[in-house]
Protein chains: 2
Amino acid sequence: MAEPNVYDSTCSARDALELIASKWAMLILPALSAGPMRNSALLRKIGGISQKMLTQTLKDLERNGLVIRHDMQTVPPHVEYRLSALGNSLSEALIALDRWAERHSGDLDAARERFDAGRTEGV
Amino acid sequence: MAEPNVYDSTCSARDALELIASKWAMLILPALSAGPMRNSALLRKIGGISQKMLTQTLKDLERNGLVIRHDMQTVPPHVEYRLSALGNSLSEALIALDRWAERHSGDLDAARERFDAGRTEGV
DNA sequence: ACAATTACGCACCTTTTGGTGCCTATGAGT
DNA sequence: ACTCATAGGCACCAAAAGGTGCGTAATTGT
């Protein structure tokens, strides 16, 4: 327990990894790095996410101290989400990943095409 | 299509993100960054992974050009996996994430405890 | 008076993910 | 002659992820 190691499945670092290795967390945290956002704004910004997954992921991130939820206690509801310091430090690493994905998605596409073509052309 | 954006669910960068936002890819790629490895070595190094998931993930990574599979064509089989240049550039970002997880898993644990305690203590 | 808005909760259902056990082939060790 | 190790494939099954539709409470706009 002294030296957390992600390769050890019993280590809590593994749990941490699973939390952040989520498609939605990888988008929500970087989205919040620009500043606090409301539910509806996140819903608009992150294409393809459902209300359910947004709420669920935000709650999970809040529970783990990465996101801070601020409920204005008004009706109709006004709730803002922002990064904690911890969340902010993580989102830097996630932004790097997102950028990598944006920059290299073309390479992946090309590799996939090559691979699949090779498979059908036989030996 | 000119500017790939991960927030756009129809963009191929999103597919790229989903590929790398996988628990196992996040461990396999960094593991390979130390040098080529055999199936059995990876199985030993990465605690908790099953043979099935290892094979499956490696195949997916190979298909997308991140990992190169080198089959020695011997019996008993000897197969080595190593990172491509593309895979290597990605693994740097992943290693940063793994390290974050190792360094901050304690913070996450603490936050979770606090959160859950608050929930049970009532209003 | 009536609809829309906001940020969800809940239940139901489908899809995906992942685990397990069983199978292959051959050469090396006993 | 027999077993072990290697790198998987394949089929079956359990579990988890995720989508959709419905309800909610009060206030603002028409």
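Every chain is numbered from 1, with letters handed out A, B, ... down the list of sequences.
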Seminar exercise, completed: Taken to the nearest whole Å, CG/A/D71 to P/D/dA25 is 16 Å
Show the distances under 3.5 angstrom between N or O atoms of the protein and N or O atoms of nucleotides 9-12 of chain C.
residue	atom	partner	partner atom	Å
C/dG9	OP1	A/K59	NZ	3.3

Exercise. Which ones in residues 9-42 of chain B lie close to DNA chain D, meaning a heavy atom under 4.0 Å from one of its atoms?
Worked result: B/R38, B/N39, B/S40
Exercise. Taking atom C1' of C/dA7 as reference, at what distance in whole Å does atom CG of A/L54 sit?
Worked result: 10 Å
Problem set entry | Protein-nucleotide distance (B/D60, atom CG; D/dG9, atom P), rounded to Å | 13 Å
Exercise. Which heavy atom of A/W100 sits nearest a heavy atom of B/L86, and at what distance?
Worked result: CZ2-O, 3.7 Å
Exercise. Does atom CD of A/E113 have more than 12 heavy-atom neighbours from other groups under 6.0 Å away?
Worked result: no
Exercise. Which one, D/dA7, C/dT5, C/dT26, comes nearest to the side chain of B/P76?
Worked result: C/dT26
Exercise. In whole angstrom, what separates A/I49's CD1 from D/dT20's P?
Worked result: 13 Å
Problem set entry | Salt bridge present between A/D116 and B/R63 (N-O < 4.0 angstrom) | yes
Exercise. Going by the salt bridge (Lys or Arg N to Asp or Glu O under 4.0 Å) test, which pairs reach into residues 94-110 of chain B, not counting sequence neighbours?
Worked result: B/D109-B/R112
Exercise. How many Å lie between CG on A/L58 and P on D/dG18, as a whole number?
Worked result: 14 Å
Exercise. Taking B/D8 for the side chain and B/P4 for the main chain, is one N or O donor matched with an acceptor at less than 3.5 Å?
Worked result: no
Seminar exercise, completed: Paired with B/I28, the side-chain contact (heavy atoms from CB on, under 4.5 Å) test is passed by just one of B/L66, B/L83, B/I49, namely B/I49
Exercise. Has A/S50 got a side-chain N or O lying under 4.0 Å from the OP1 or OP2 atom of D/dG19?
Worked result: yes
For this session: Check the surroundings of atom CD in A/Q51: do more than 12 heavy atoms from other residues, nucleotides or ligands lie under 6.0 Å from it?
Result: yes
For this session: Starting at atom CD of B/E80, determine the distance to atom P of D/dT6, rounded to an integer number of angstrom.
Result: 14 Å
Exercise. What's the NE2-P distance between B/H70 and D/dG8, to the nearest Å?
Worked result: 13 Å
For this session: For residues B/L54 and B/L43, determine if any side-chain heavy atom of one lies less than 4.5 Å from a side-chain heavy atom of the other.
Result: yes
Exercise. In whole Å, what is the span from the CG atom of A/L43 to the P atom of C/dT5?
Worked result: 14 Å
Problem set entry | Short side-chain N/O contact from A/R69 to OP1 or OP2 of C/dC8, under 4.0 Å | yes
Exercise. For the side chain of B/P77, counting heavy atoms from C-beta on, which of D/dG8, C/dC8, D/dA7 is nearest?
Worked result: D/dA7
For this session: Could you tell me whether the side chain of B/L27 reaches within less than 4.5 Å of the side chain of A/Y7, counting heavy atoms only?
Result: yes
